[in-house]
Asker: 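Below you will find the structure I want to go over with you.
Chain A is the first sequence line, chain B the second, and so forth, proteins listed ahead of strands; every chain is numbered from 1. Owing to the predicted nature of the structure, the values given are computational and were not obtained by experimental measurement.
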Amino acid sequence: MASDGGGLKIDNPVESIESLSKEVEKLKARLEEERQKLNDVALSTVAERLDPLPTLNIKPRRVLKGHQGKVLCSDWSLDKRHIVSSSQDGKMIIWDAFTTNKEHAVTMPTTWVMACAYAPSGNMVACGGLDNKVTVYPLSFEEDVSSKKRAIGTHTSYMSCCLFPNSDQQILTGSGDSTCALWDVECAQLLQSFHGHGGDVMSLDLSPSETGNTFVSAGCDRQALVWDMRTGQCVQSFEGHESDINTVKFYPSGDAIATGSDDATCRLFDLRADREVAVYSKQSIIFGVNSLDFSISGRFLFAGYNDYTVNVWDTLKCVRLTILYGHENRVTCLKVSPDGTALSTGSWDFTLRIWA
Amino acid sequence: MNNKQMSTLQQQRKVVEQLRREASIRRVNVSVAIEDLKKYIQEHENDDYLLVGFHSQKANPFREKSSCTIL
């Protein structure tokens, strides 16, 4: 040891690991204590004083048929009209949700296309899955969309989720290899990788705050991690779920995140209180949550479940308001349109539905 | 020290650093945080069409096409 000259100053590594472990325990206990100190009231108690909500008038408006496999992911274009969806059979489809027409259909060189995303310009989509890759497709009516495709980045396991943070220039991905990664689209280069999860990353969301440099990821280690995109550092972590987290979404103000899990609950974690502030569950709900989203004000929390339903929760009162029936298999993806006028859902029943 | 011990040590150091960072952040009371979540909803609920509905169904881009009759 002494002769290696590597500048290593640890004489007794075993003791060091032990002392570090002790410090970890101490810090964890302190964190819990600090968080508990500020837990002065329950969300549902505060919300009791609010007026009850008017009756919901959300109806099924469109059914998008065309996939020949389970729909796994979907995303709205910022034009509030087009939707990209991807499926288990390797197809990616661009829909005009107003007319239900298919504008493009692309066959990927892989099955289980688990992730797809619209670029902010509306001129490009990204997708990937079991091929471990994120590939972009510039959209044009002049030529075959597949002819212009470009692979941007590769993970060492499947890609489970992706999004364009703020511009068409960058893509953020999450993977079964436990990492998230930020890629430059133009150069097809890795800009930053994010290490911290102890299991597959299943979902990502970008903070809606103006700076747009914060994102959250969640996955099979039952943790939601908040990251600083510039430094690559994890700034906050949230635990509480008793099984895999499948979906995570920022509250519209950016001050909180909601998560949905295989433990059949959704939870709300406040970033400034640094703790869980609500659990959305019922004894009769026993199936896992795959996807969730907020209405534009944050008052509704929509969640898609493995029991084929969409439950609509009152975010503040923490009660279920209604159930949206329609799908004939697991609801895998769910997104409120950019202007908040509609809700899209995708399912293992091969269809997407628009509710408004 | 072997490689395995080295990497365990480094990992454990990282965990400690991470927890120290997280322990040092400033927090607000849950009551304060909730008030702000509530306030955001109150300021935006008029624009939440799924919550308050459309002033007229014509404004709904996903309304059913009315079966119009030309006279």
Asker: Side chain, backbone, both or neither: which part of A/A42 has an atom under 4.5 Å from a heavy atom of chain B?
Answerer: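 Backbone only.
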
Asker: Which of residues 313-324 of chain A get closer than 4.5 angstrom to chain B, counting heavy atoms alone?
Answerer: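 Within residues 313-324 of chain A, the residues under 4.5 Å from chain B are A/L316.
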
Asker: With only heavy atoms counted, which part of B/R20 is less than 4.5 Å from chain A, the side chain, the backbone, both or neither?
Answerer: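 Backbone plus side chain of B/R20, per the 4.5 Å heavy-atom cut-off to chain A.
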
Asker: Under a 4.5 Å heavy-atom cut-off, does chain A meet the side chain of B/E22, its backbone, both or neither?
Answerer: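 Answer is both: backbone and side chain atoms of B/E22 are under 4.5 Å from chain A.
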
Asker: Using side-chain contact (heavy atoms from CB on, under 4.5 Å), reason through B/V30 and A/D270 one step at a time and then give a plain yes or no.
Answerer: CA-CA 8 Å; B/V30 169; A/D270 190 276; over 6 Å; no

Asker: With a 3.5 Å distance limit and no angle check, can you tell me whether A/E23 reaches the backbone of B/V16 through a side-chain donor-acceptor pair?
Answerer: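 No: the side chain of A/E23 does not pair with the backbone of B/V16.
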
Asker: With a 4.5 Å cut-off on side-chain heavy atoms, are A/V46 and B/S31 touching?
Answerer: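 A side-chain contact is absent here, since even the closest heavy-atom pair is not under 4.5 Å.
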
Asker: For the atom pair CG (B/L50) and CZ (A/F302), what is the distance rounded to the nearest 0.5 Å?
Answerer: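 Rounded to the nearest 0.5 Å, the CG-CZ separation comes to 4.5 Å.
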
Asker: What part of A/K80 is in contact with chain B, defined as an atom under 4.5 angstrom from a non-hydrogen atom: side chain, backbone, both or neither?
Answerer: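 When you check distances to chain B, only backbone atoms of A/K80 fall under 4.5 Å.
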
Asker: Select one option (side chain, backbone, both, neither) describing which atoms of B/I25 are under 4.5 Å from chain A's heavy atoms.
Answerer: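 Side chain only.
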
Asker: With the side chain counted from C-beta on, respond yes when A/V41 and B/I34 share a heavy-atom pair under 4.5 Å apart, and no when they do not.
Answerer: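 Yes - at least one pair of side-chain heavy atoms lies under 4.5 Å apart.
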
Asker: Enter the distance from B/Q11:CD to A/H195:NE2 here, rounded to the nearest 0.5 Å.
Answerer: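 NE2 of A/H195 is found 12.0 Å from CD of B/Q11.
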
Asker: Between B/E43 and chain A, with a heavy-atom cut-off of 4.5 Å, which part of the residue counts as in contact: side chain, backbone, both or neither?
Answerer: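 Neither part; nothing is under 4.5 Å.
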
Asker: May I ask you to test the B/E45-A/I296 pair for a side-chain heavy-atom distance under 4.5 Å?
Answerer: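 Of all side-chain heavy-atom pairs linking A/I296 with B/E45, none is under 4.5 Å.
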
Asker: State, to 0.1 Å, how close B/R63 and A/R61 come at their nearest heavy-atom pair, and which atoms those are.
Answerer: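 Taking every non-hydrogen atom into account, CA-NH1, 4.2 Å.
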
Asker: Where on A/R81 is there a heavy atom nearer than 4.5 Å to chain B: the side chain, the backbone, both, or neither?
Answerer: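 Neither part; nothing is under 4.5 Å.
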
Asker: Under the criterion side-chain contact (heavy atoms from CB on, under 4.5 Å), I'd like the reasoning laid out for B/I41 against A/Y251: C-alpha separation, chi angles, the key distance, then a yes or no.
Answerer: CA-CA 10 Å; B/I41 290 178; A/Y251 186 78; 3.0 Å; yes

Asker: Mind checking what makes ring-ring contact (aromatic ring centres under 6.0 Å, His included) contact with B/Y49, not counting sequence neighbours?
Answerer: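 Result, ring-ring contact (aromatic ring centres under 6.0 Å, His included) vs B/Y49: B/F54.
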
Asker: Salt bridge or not for B/D36 and A/R272, using N-O below 4.0 Å?
Answerer: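 Judged by the 4.0 Å cut-off on N to carboxylate O distance, B/D36 and A/R272 do form a salt bridge.
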
Asker: Is it the side chain or the backbone of B/E35 that comes within 4.5 Å of chain A heavy atoms, both, or neither?
Answerer: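 Just its side chain gets close to chain A.
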
Asker: Test A/V235 against B/R21 for side-chain contact (heavy atoms from CB on, under 4.5 Å), laying out the working first.
Answerer: CA-CA 7 Å; A/V235 288; B/R21 264 203 305 273; 5.9 Å; no

Asker: Does the side chain of A/S21 reach to within under 4.5 Å of the side chain of B/Q12, using non-hydrogen atoms?
Answerer: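 Side-chain contact under 4.5 Å: yes.
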
Asker: For A/N39, which atoms come within 4.5 Å of any heavy atom of chain B: side chain, backbone, both, or neither?
Answerer: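 Both parts, backbone and side chain.
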
Asker: Of all of A/A278, A/S253, A/A356, which one pairs up most often with chain B through heavy atoms under 4.5 Å apart?
Answerer: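 Of the candidates given, the most pairs with chain B belong to A/S253.
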
Asker: I'd like to know whether A/D255 forms a side-chain contact (heavy atoms from CB on, under 4.5 Å) with B/Y40, so could you lay out the CA-CA distance, the side-chain angles of the two residues, the decisive distance to 0.1 Å, and finally the verdict.
Answerer: CA-CA 10 Å; A/D255 284 337; B/Y40 187 88; over 6 Å; no

Asker: If I take atom CZ from residue A/R30 and atom OG from residue B/S24, how far apart are they, to the nearest 0.5 angstrom?
Answerer: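 A/R30 CZ to B/S24 OG: 8.0 Å, rounded to 0.5 Å.
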
Asker: Once salt bridge (Lys or Arg N to Asp or Glu O under 4.0 Å) is applied, do any residues pair with A/D40, and if so which ones, sequence neighbours excluded?
Answerer: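 Residues passing salt bridge (Lys or Arg N to Asp or Glu O under 4.0 Å) with A/D40: none at all.
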
Asker: Flag the pair B/D47 / A/S297 as yes when at least one side-chain heavy-atom distance between them is below 4.5 Å, and no otherwise.
Answerer: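 Contact flag for B/D47/A/S297 side chains = no.
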
Asker: Within residues 49-59 of chain A, which residues come under 4.5 Å of chain B, heavy atom to heavy atom?
Answerer: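 From residues 49-59 of chain A, the residues near chain B are A/L50, A/L53, A/P54, A/I58.
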
Asker: B/V28 versus A/L38: any side-chain heavy-atom pair under 4.5 Å?
Answerer: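 No, every pair of side-chain atoms sits at 4.5 Å or beyond.
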
Asker: Who wins among B/V15, B/N60, B/L37 for the most heavy-atom pairs under 4.5 Å with chain A?
Answerer: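 Most heavy-atom pairs within the cutoff with chain A belong to B/L37.
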
Asker: Taking every non-hydrogen pair under 4.5 Å, which of A/S237, A/G298, A/S337 racks up the most with chain B?
Answerer: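 Heavy-atom pair counts peak at A/S237.
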
